[in-house]
Amino acid sequence: MPRIATTETGFYRIPLPITLSDSTHGDMTAFELITCRIRDADGAEGVGYTYTVGRNGGAVADILKREIPPLVEGREADDTEALWHQVWWGLHYGGRGGPAVLALSALDIALWDLKARRAKLPLYRLLGGFDARVPCYAGGIDLDLSVDALLKQTDGNLAKGFRAIKMKVGRPDLKSDVARISAMRQHLGDGFPLMADANMKWTVEEAIRAARAFVPYDLTWLEEPIIPDDVAGHVRIMQAGGVPIAAGENLRSLWEFKNYIVSGAVSYPEPDVTNCGGVSAFMKIARLAEAFNLPVTSHGAHDITVHLLAACPNRSYLEAHGFGLDKYIEHPLVLKDGLALAPDRPGHGIGFDWKGLAKLA
């Protein structure tokens, strides 16, 4: 099998068209994109990426550029599992999460892209293939929008073809959150899939109170009500809140998801392929969820994740994230009747506009 010849790291700051906000991260005017390009001895290339909400991308890029190449160059590119463990344990003492696992995620995505390209298969088929059509929701980052602006944004997402929508909660007063959810439910009608995301805002007691207040509005799920470190707190919310819970975008390994799942702390495990350890880890998390009869959803990186959920019989919804790369990729995500379509191009099928990105390096 061809061996890894070179790795190349890119680091870009992508301005957002409007300032976005949530209950924890504050105002976001740009996000950081960190790319990894792997070339094998035959000249074939695979591309991966990760991102941040605006800070710490330099640390991720430095690990990809300085620490990872000596661990992988010269090794067989097809050995994704061996390479994953080589990097995980090579960086473990100074890593075990944080920038190290984001860097590993970008590398692993690139390796799977390379493997699928060499096999001349779309990634979802290489991963087993289940259904190329994946239910998809629009992930709004809209906490500070007025109700009128929120509904206008919603109409725009409906016009784009979305048939499920997520909104932000976690405003200073619960009454305001309830009013916004009520307005959305009235606007969308009964039965329309509506999710709410608190971005870790509350204490356990606050989260239970909020969840109970949201029960009349038939949420598909309430996402990240409290900090990810509090597994027992999530169990209490699951037991007392009366609303399904999604969590996982801030979990960084298979083993952290295992702790949630076996404890009964989550209804919808929600890995992000760009920070949980890449394709290798995401698929293990999805299979673990399947073994516990749980649906799996996703966070971020919809252009890659559509392939992963298209290979999962227990997939629920793909998130179409607010940090879109449409301006810098050749083929943006395609929606049809509320379903995202995994492309049939070899690999993950993302073709970056490297010249356009170079201006943002």
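Only a predicted model underlies this, so the values are computations on that prediction, with no experimental measurement involved.
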Identify the heavy atoms of [X] and [Y] that sit nearest to each other, and give their distance.
X: G300; Y: Y51; value: CA-OH, 3.8 Å
X: V306; Y: V134; value: O-CG2, 3.8 Å
X: H348; Y: H307; value: O-NE2, 3.0 Å
X: A310; Y: A132; value: CB-CA, 4.0 Å
X: A211; Y: V243; value: O-CG2, 3.3 Å
X: A207; Y: I226; value: CB-CG2, 3.9 Å

Item to check | Residue pair L71, L91: steps toward the side chain to side chain contact (heavy atoms under 4.5 Å, CB included) verdict | outcome: CA-CA 10 Å; L71 295 171; L91 303 179; 4.3 Å; yes
Checklist entry - Cation over ring, K115 on W112, under 6.0 Å and within 45°? => result yes
Taking side chain as C-beta onward, heavy atoms only, is [X] less than 4.5 Å from [Y]?
X: I4; Y: D40; value: no
X: V60; Y: N56; value: no
X: L194; Y: Y217; value: no
X: T220; Y: Y137; value: no

Do you reckon [X] sits in the same ILVMFWY cluster as [Y], going by side-chain contacts under 4.5 Å, direct or chained?
X: I165; Y: Y317; answer: no
X: I109; Y: W354; answer: yes
X: M200; Y: M28; answer: no
X: L102; Y: M283; answer: no
X: L360; Y: L64; answer: no

Quick one: does [X]'s side chain have a donor or acceptor within less than 3.5 Å of a partner on [Y]'s backbone?
X: R185; Y: F192; result: yes
X: N275; Y: N250; result: no
X: D197; Y: N199; result: yes
X: S298; Y: E319; result: yes
X: T50; Y: T274; result: yes
X: S316; Y: V296; result: yes
X: N157; Y: A138; result: no
X: D337; Y: L339; result: no
X: H302; Y: H321; result: yes
X: D113; Y: G347; result: no

In Å and rounded to the nearest 0.5 Å, what is the [atom1] to [atom2] distance from [X] to [Y]?
X: D218; Y: I181; atom1: CG; atom2: CD1; answer: 11.5 Å
X: W255; Y: I285; atom1: CH2; atom2: CD1; answer: 9.5 Å
X: S146; Y: R180; atom1: OG; atom2: CZ; answer: 8.0 Å
X: R252; Y: F257; atom1: CZ; atom2: CZ; answer: 9.0 Å
X: L318; Y: R133; atom1: CG; atom2: CZ; answer: 15.0 Å
X: E330; Y: F352; atom1: CD; atom2: CZ; answer: 12.0 Å

Item to check | Pair D155-H187, side-chain donor/acceptor within less than 3.5 Å | outcome: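 There is such a pair (donor and acceptor under 3.5 Å, judged by atom type) between the side chains of D155 and H187.
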Checklist entry - So, T24 and D22: side-chain donor and acceptor under 3.5 Å apart, yes or no? => result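 Their side chains do not contain a donor-acceptor pair, so the 3.5 Å distance test is not met.
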Checklist entry - Is there a salt bridge (Lys or Arg N to Asp or Glu O under 4.0 Å) between E8 and R39 once you walk through the steps? => result CA-CA 9 Å; E8 181 181 339; R39 297 182 186 88; 3.0 Å; yes
Hey, what's the ring geometry for [X] with [Y], parallel, tilted or perpendicular (30° and 60° as the breaks)?
X: W202; Y: F214; result: tilted
X: Y268; Y: W221; result: tilted
X: W88; Y: W84; result: parallel

Checklist entry - Hey, do the aromatic rings of H92 and W89 have their centres closer than 6.0 Å? => result yes
Checklist entry - Taking it one step at a time, do D142 and K168 satisfy salt bridge (Lys or Arg N to Asp or Glu O under 4.0 Å)? => result CA-CA 6 Å; D142 47 32; K168 296 295 186 183; over 6 Å; no
Next on the checklist: Evaluate R118 against D42 for salt bridge (Lys or Arg N to Asp or Glu O under 4.0 Å), listing each step before the verdict.
Outcome noted: CA-CA 10 Å; R118 290 190 64 92; D42 290 343; 3.2 Å; yes
Item to check | Partner of R315 by side chain to side chain contact (heavy atoms under 4.5 Å, CB included), out of L308, D131, T297 | outcome: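 The side chain to side chain contact (heavy atoms under 4.5 Å, CB included) with R315 is passed solely by D131 among L308, D131, T297.
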